[in-house]
*Asks:* 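Attaching a single structure in structure tokens format; questions to follow.
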There are 4 protein chains.
Amino acid sequence: MSKGTVVLSYSGGLDTSCILVWLKEQCYDVIAFMANIGQNEDFEAARNKAESLGAKKVFIEDLRTEFVEDFIWPAIQANAVYEDRYLLGTALARPCIARRQVEIARREGAHFVSHGATGKGNDQIRFELTCYTLYPEVKIIAPWRIPEFYNRFRGRTDLMEYAQIHAPADLYLMTKNPEDSPSIPDVLEIEFKNGMPVKVTNVKEGTSKDSPLDIFSYLNEIGGKHGIGRIDIVENRFIGMKSRGIYETPGGTILINAHLDIETFTMDKEVRRIKQGLGVKFSELVYNGFWYSPECDFVRHCIAKSQENVEGKVQLSLFKGQIYILGRESAKSLYNEELVSMDIQGDYDPCDASGFIRINAVRFALISP
Amino acid sequence: MSKGTVVLSYSGGLDTSCILVWLKEQCYDVIAFMANIGQNEDFEAARNKAESLGAKKVFIEDLRTEFVEDFIWPAIQANAVYEDRYLLGTALARPCIARRQVEIARREGAHFVSHGATGKGNDQIRFELTCYTLYPEVKIIAPWRIPEFYNRFRGRTDLMEYAQIHAPADLYLMTKNPEDSPSIPDVLEIEFKNGMPVKVTNVKEGTSKDSPLDIFSYLNEIGGKHGIGRIDIVENRFIGMKSRGIYETPGGTILINAHLDIETFTMDKEVRRIKQGLGVKFSELVYNGFWYSPECDFVRHCIAKSQENVEGKVQLSLFKGQIYILGRESAKSLYNEELVSMDIQGDYDPCDASGFIRINAVRFALISP
Amino acid sequence: MSKGTVVLSYSGGLDTSCILVWLKEQCYDVIAFMANIGQNEDFEAARNKAESLGAKKVFIEDLRTEFVEDFIWPAIQANAVYEDRYLLGTALARPCIARRQVEIARREGAHFVSHGATGKGNDQIRFELTCYTLYPEVKIIAPWRIPEFYNRFRGRTDLMEYAQIHAPADLYLMTKNPEDSPSIPDVLEIEFKNGMPVKVTNVKEGTSKDSPLDIFSYLNEIGGKHGIGRIDIVENRFIGMKSRGIYETPGGTILINAHLDIETFTMDKEVRRIKQGLGVKFSELVYNGFWYSPECDFVRHCIAKSQENVEGKVQLSLFKGQIYILGRESAKSLYNEELVSMDIQGDYDPCDASGFIRINAVRFALISP
Amino acid sequence: MSKGTVVLSYSGGLDTSCILVWLKEQCYDVIAFMANIGQNEDFEAARNKAESLGAKKVFIEDLRTEFVEDFIWPAIQANAVYEDRYLLGTALARPCIARRQVEIARREGAHFVSHGATGKGNDQIRFELTCYTLYPEVKIIAPWRIPEFYNRFRGRTDLMEYAQIHAPADLYLMTKNPEDSPSIPDVLEIEFKNGMPVKVTNVKEGTSKDSPLDIFSYLNEIGGKHGIGRIDIVENRFIGMKSRGIYETPGGTILINAHLDIETFTMDKEVRRIKQGLGVKFSELVYNGFWYSPECDFVRHCIAKSQENVEGKVQLSLFKGQIYILGRESAKSLYNEELVSMDIQGDYDPCDASGFIRINAVRFALISP
């Protein structure tokens with residue numbers, strides 16, 4: 001007698017294969033769901049594996065475009081960086097993947113969803129908060145939090161964990177070691193509209209990309225070639241543990257740098273201060289798994305509003321792991337060369353600055369030592 | 001008949017030389033004051049020049065140690081970055097210089113101080129707010145805001161300004177072009193105590209520095225050698241204009257990166273969130289010239305308090321304009337390898353995470369679409 | 001020979017009458033402009049006075065509706081309170097008045113505007129920032145900052161100032177002394193939509209008002225009758241001085257209390273936290289005179305967005321200077337009686353709270369003494 | 001065979017009496033612990049009851065002084081108000097009570113603590129987070145989260161809950177109905193030092209109190225007499241539910257009002273802005289149960305630092321549920337009557353305001369419509 005149908009987020013790897021088999025042992029019908037968000041994977045091999053392990057159905061879904069448009073682009077608009085350093089790659093992917101998984105579960109009449117995230121990490125939270133919001137009645141099976149499962153399978157994972165921690169050099173899949181990267185920079189021009197990239201041009205080669213997915217893929221590729229976006233950090237998980245993370249985000253790193261530049265060029269100073277605070281909040285919400293919360297929705301709305309005039313082109317070069325901003329231009333620029341120039345006075349009366357400074361000092365006279 | 005004595009912040013250059021002469025023409029006795037904060041300058045030549053132009057006295061003051069200890073170190077503790085990018089070099093130097101200038105003015109019985117900062121920039125504000133706080137009765141003469149002065153001398157400055165804007169390649173004095181920098185990284189270990197650097201070791205060479213000034217000078221030197229810390233940005237001045245800035249901060253860039261790393265390693269997550277907000281505030285205050293304000297004093301106190309356990313060592317490599325964190329260690333680490341490890345469960349019960357997630361989702365059930 | 005036309009913000013009082021005459025002496029053509037924002041004033045007497053003093057034209061404009069709809073309602077949505085106590089009455093009126101004054105100036109081809117605000121206060125800033133934004137080329141004549149004017153007229157003002165400070169009991173124009181107010185409460189029901197009041201009903205009398213101006217006027221009247229909204233505070237002016245303020249805001253005080261209640265009832269907790277911070281920012285901007293700034297525009301947009309579900313009815317009683325919330329109801333309520341009740345468990349599993357608490361304590365184990 | 005000793009937070013009421021008996025049934029040795037934090041209670045009757053129900057020992061601890069000094073005073077310094085309205089009474093008491101309970105548990109060698117807080121509320125969290133921090137190895141027994149307990153006893157609680165919700169008029173124990181309160185105000189003078197009350201004087205009667213406990217008790221009494229501090233609100237619990245709360249906080253309401261007044265009088269404007277943000281954070285932390293967290297400790301330190309000059313006397317009257325500030329005086333006042341006065345110019349040059357305003361408008365010229 002089946003307990004019902006469960007949609008399992010399946011990776012093709014050892015972990016979720018064990019889970020698939022175990023779920024079947026527990027008398028569930030298992031639908032394997034794989035999301036293609038741009039990772040390098042042999043999806044057909046994974047499909048065969050899932051089927052051979054007893055999956056009733058296998059769904060392989062290409063989410064690459066919606067991942068870039070619905071999740072990465074808003075993060076770029078927000079200059080989203082967690083704890084000053086982490087660019088939120090996985091944190092952005094989780095709600096995208098879980099959204100589709102829940103759609104499949106609803107469509108297939110499945111009352112259960114399952115995943116291979118561990119019981120100490122962030123991904124379980126990101127996954128499950130999304131599910132609880134979009135499908136409140138769903139039951140979630142998280143085997144790595146179920147003693148019967150983890151007591152049986154822990155050994156194997158230990159090994160993998162060990163391998164991962166002790167061999168960081170092999171961890172990098174997308175980026176070249178900067179020491180081995182080209183000695184000649186590539187020069188790019190990235191164009192933004194509404195704070196989102198709409199075109200990237202390789203200036204020397206004269207080639208360009210203009211769909212969101214193409215832009216992002218290209219920046220990952222060329223950023224990777226120059227060893228851009230590697231970090232080794234300690235971060236604070238939502239559940240309060242510190243963990244070490246080694247990440248590579250070549251495309252995201254280029255985009256955040258370019259966006260930050262065009263934003264400062266076109267956005268009013270004080271609007272930007274407020275928006276900066278909202279961006280910090282956004283980053284924290286996304287990291288913690290609250291993409292589909294009312295507060296994240298609200299913050300996204302506000303940030304999007306702030307981006308209405310963030311448009312123009314940024315020129316930059318990539319070289320040995322580093323990004324150099326070379327210049328920027330925009331029809332919406334608030335940089336006024338004449339106003340700032342020392343040789344043109346225009347409407348600006350330097351005497352006003354005296355009053356400005358003295359008024360700012362009024363408070364100090366009272367407190368002065 | 002003398003109008004009295006003015007202490008002029010003198011650079012030895014064309015600008016402040018003009019001002020010196022003009023002040024004398026206006027019947028002031030002029031004391032020239034030069035601050036050595038580590039810039040490359042022929043101070044004795046400048047002294048001779050000032051004297052030959054008619055300075056009554058010349059003071060050349062070595063402020064290098066107090067600049068590093070009293071101003072740069074607190075900025076490192078704060079991870080002080082203005083508008084996400086600018087490391088505040090000049091903004092930190094101004095209150096240090098003005099503090100000494102005011103001391104001299106008081107000691108010498110001068111009722112006036114003067115400077116060569118322009119009427120559109122930030123430095124005039126930083127300089128004058130410091131003076132108004134530390135010497136409220138002082139009169140400030142800012143020639144670049146006085147029509148009789150700037151109408152007469154503007155032409156010459158135009159030229160300099162022009163040169164500066166159109167020749168950025170020559171602007172870099174401390175840093176090598178990353179393309180020309182060594183192909184072999186240097187590896188450093190920086191040790192912190194109370195969030196302040198106490199020692200830097202070149203791991204390969206085995207050499208080390210342990211006084212604040214030596215540490216900072218060494219990091220400027222070795223960072224410069226690897227082309228670290230160049231930026232080309234548009235920033236928002238306090239007076240509301242956007243301006244383009246090209247900066248190089250090799251030592252500061254290394255220190256901020258290392259400090260950020262050891263801080264995240266040793267500081268509680270939620271304390272850090274609050275402190276991060278205070279750091280943003282601090283950066284803005286310093287940029288705007290409010291170092292000697294009650295609010296900056298308060299924020300510095302709070303930040304210093306947060307640094308009590310920020311100690312340990314960070315290993316990093318410098319290569320082609322980039323800094324790579326290699327690792328960190330600390331007796332005050334809050335990173336608990338056992339707690340975070342997948343193979344050891346310890347006191348942590350993964351089932352708790354289920355409750356944690358479900359309680360976090362309580363709000364969403366009510367709002368779910 | 002006329003120097004041109006100036007539109008003067010005219011009150012009918014001694015101050016601006018002196019200014020009118022002085023402006024004429026200075027060879028300006030003067031247009032007197034009076035704004036009716038609900039104050040008790042004999043506008044026709046003022047018109048005659050202005051004309052007899054030589055005003056070329058007199059405009060008396062009824063701004064009451066736009067003042068309530070465009071300025072007060074957004075402040076209610078924001079729960080706008082400056083420094084935890086001041087409800088911003090005058091600060092909201094200033095941009096409303098200056099906006100119309102600038103419209104008249106443009107229409108009448110006047111290149112000058114003038115006002116009677118003093119040189120130490122906030123109103124000069126609120127007035128002038130509005131003018132500079134909406135009519136950047138305008139020239140502003142602020143006689144209380146012009147030595148020839150204030151040296152001549154200071155004496156007279158001293159007297160008025162003195163009177164004002166030393167006779168606060170007479171200052172209250174709208175509110176009864178609570179000790180003399182009725183011994184029987186009035187009970188009101190205020191209905192909100194989009195965070196704005198749409199109807200007020202006097203429950204006992206069965207009467208109601210439903211246009212913005214009627215609602216606000218009625219609340220001022222009935223609040224005044226019960227002595228609601230008097231405060232005696234020290235506040236921080238934008239220019240850095242502390243000043244004493246004695247205010248009465250009967251209608252505003254009732255509305256802020258009712259709005260706060262319905263907002264907490266219908267708005268998600270975490271959205272409200274973010275919105276609360278934006279409201280503090282909004283209050284500061286309005287107080288300082290930045291209504292027509294890009295940042296205030298941005299903040300208003302975000303706050304309005306947050307109010308989409310803020311609707312429902314609040315019951316309250318007014319008695320002896322105090323407002324008591326009696327209850328609230330809303331179709332958009334997020335208060336779930338069943339969920340919160342101890343006797344119904346529903347979907348909520350109390351065991352989840354154990355996990356929630358333990359995960360929240362994970363950080364503490366590491367730091368525990 | 002005993003499972004060990006449990007220290008139970010005992011109230012003397014039905015709930016915790018049931019728990020006491022049930023714990024004994026579950027083979028625990030029970031120590032009953034009662035905290036006197038100023039509530040009206042027959043402690044000796046409760047002692048007898050606990051003993052008759054089988055408590056091995058009974059501890060009745062007078063925590064009144066430490067509650068006021070260690071918990072309420074810091075909350076006054078912070079102007080701690082949760083969600084703009086709630087004064088945190090219970091939230092402050094919980095860590096005080098749990099701290100002593102844990103001390104007793106350690107001293108008596110008990111490995112367990114227990115409490116009668118429900119599974120949907122805030123108190124369970126406040127209690128347990130304190131225990132986990134101060135006694136990390138302790139085991140907590142929360143019967144209202146244990147199915148065997150709550151399934152058996154739920155019926156009885158339903159009744160109590162029902163009574164509580166449907167009879168709010170009887171809920172008020174400390175405050176008179178404002179309608180029945182005296183028609184003659186009492187006038188108080190409260191003196192502060194370091195932001196903490198050090199003396200309260202009834203001006204008409206000439207009596208005064210000067211120990212923390214006496215001050216607080218007196219303000220509760222006289223505030224209660226005048227019907228001060230009643231509120232009926234909806235609030236957001238930490239676990240994400242909204243709940244209705246009816247509170248009375250006479251002493252706290254008076255103190256927060258008086259403290260706010262003297263603080264604004266003596267604290268620099270910009271320090272206060274930063275401190276205000278920290279106060280909001282503090283309120284949230286305390287409400288959520290994080291008194292003994294590193295971040296709350298940090299925030300308390302910063303707030304205490306801000307209070308160094310917050311001293312002086314505030315005069316106020318109490319009348320029919322309302323507090324009216326009558327005046328304030330302080331040796332540390334930053335209110336400068338001469339500076340703010342219109343008739344004295346002093347060092348302040350009103351012309352400076354023109355420059356101040358124009359510089360503030362520099363940004364707007366670029367964006368003007």
*Asks:* Could you walk me through whether Q322(C) and I228(D) pass side-chain contact (heavy atoms from CB on, under 4.5 Å), step by step?
*Replies:* CA-CA 10 Å; Q322(C) 183 67 296; I228(D) 305 284; over 6 Å; no

*Asks:* I need the residue from N288(C), I239(C), L260(C) with the largest number of non-hydrogen atom pairs under 4.5 Å to chain D.
*Replies:* L260(C)

*Asks:* Can you tell me which portion of A361(C) sits under 4.5 Å from chain D's heavy atoms? Options are side chain, backbone, both or neither.
*Replies:* both

*Asks:* Counting only heavy atoms closer than 4.5 Å, note whether Q276(D) contacts chain C via side chain, backbone, both or neither.
*Replies:* side chain

*Asks:* Where on P185(D) is there a heavy atom nearer than 4.5 Å to chain C: the side chain, the backbone, both, or neither?
*Replies:* side chain

*Asks:* Let's test your reading of the structure: which of S243(C), S354(C), A353(C) forms the most heavy-atom pairs below 4.5 Å with chain D?
*Replies:* S354(C)

*Asks:* Using a strict threshold of under 4.0 Å (side-chain N to carboxylate O), is an ion pair present between E128(C) and R358(D)?
*Replies:* no

*Asks:* Working to the nearest 0.5 Å, report the span between OH of Y150(D) and SG of C351(C).
*Replies:* 5.0 Å

*Asks:* Looking at K269(C) and F238(D), would you say the former's side chain and the latter's main chain have a donor-acceptor pair under 3.5 Å?
*Replies:* yes

*Asks:* Shorter than 4.5 Å, heavy atoms on both sides: which option in R273(C), Q124(C), E284(C), R272(C) has the most such pairs with chain D?
*Replies:* R273(C)

*Asks:* Could you check T264(D) against E83(C) for side-chain contact (heavy atoms from CB on, under 4.5 Å), going step by step and ending with a plain yes or no?
*Replies:* CA-CA 8 Å; T264(D) 314; E83(C) 293 186 341; 3.9 Å; yes

*Asks:* I need the I325(D) CD1 to I246(C) CD1 distance, nearest 0.5 Å.
*Replies:* 12.5 Å

*Asks:* Output yes when a side-chain donor or acceptor of K242(C) lies under 3.5 Å from a complementary backbone atom of D268(D), and no otherwise.
*Replies:* no

*Asks:* So which part of F265(D) gets closer than 4.5 Å to some heavy atom of chain C, the side chain, the backbone, both or neither?
*Replies:* both

*Asks:* Contact part of R237(D) toward chain C, heavy-atom cut-off under 4.5 Å: side chain, backbone, both or neither?
*Replies:* both

*Asks:* Shorter than 4.5 Å, heavy atoms on both sides: which option in N236(D), I184(D), N336(D) has the most such pairs with chain C?
*Replies:* N236(D)

*Asks:* Drop me the distance from D232(D)'s CG to R328(C)'s CZ, to the nearest 0.5 angstrom.
*Replies:* 4.5 Å

*Asks:* Name the option with the most non-hydrogen atom pairs under 4.5 Å to chain C; the candidates are I233(D), L334(D), N79(D).
*Replies:* L334(D)

*Asks:* Examine whether an atom of I146(D) lies under 4.5 Å from a heavy atom of chain C, and if so say whether it belongs to the side chain, the backbone or both; otherwise answer neither.
*Replies:* neither

*Asks:* Roughly how far apart are E179(C) CD and S317(D) OG, rounded to 0.5 Å?
*Replies:* 7.0 Å

*Asks:* Would you find a donor on one side and an acceptor on the other, under 3.5 Å apart, between the side chain of Y348(D) and the backbone of G119(C)?
*Replies:* yes

*Asks:* Check each atom of E263(C) against the heavy atoms of chain D and say whether the ones under 4.5 Å are side chain, backbone, both or neither.
*Replies:* neither

*Asks:* Given heavy-atom pairs under 4.5 angstrom as the criterion, report whether the side chain, backbone, both or neither of I231(C) touches chain D.
*Replies:* neither

*Asks:* Between E270(C) and chain D, with a heavy-atom cut-off of 4.5 Å, which part of the residue counts as in contact: side chain, backbone, both or neither?
*Replies:* neither

*Asks:* Measure the CZ-OH distance between R363(D) and Y132(C) for me, rounded to the nearest 0.5 Å.
*Replies:* 15.5 Å

*Asks:* Please report the shortest heavy-atom distance between R244(D) and L326(C), naming the atom on each side.
*Replies:* NH2-O, 4.3 Å

*Asks:* Let me confirm one number: the CG-OH distance from N177(C) to Y324(D), rounded to the nearest 0.5 Å.
*Replies:* 8.0 Å

*Asks:* List the steps, then state whether salt bridge (charged side-chain N to carboxylate O under 4.0 Å, His left out) holds for R85(C) with D261(D).
*Replies:* CA-CA 10 Å; R85(C) 295 188 291 186; D261(D) 195 74; 2.8 Å; yes

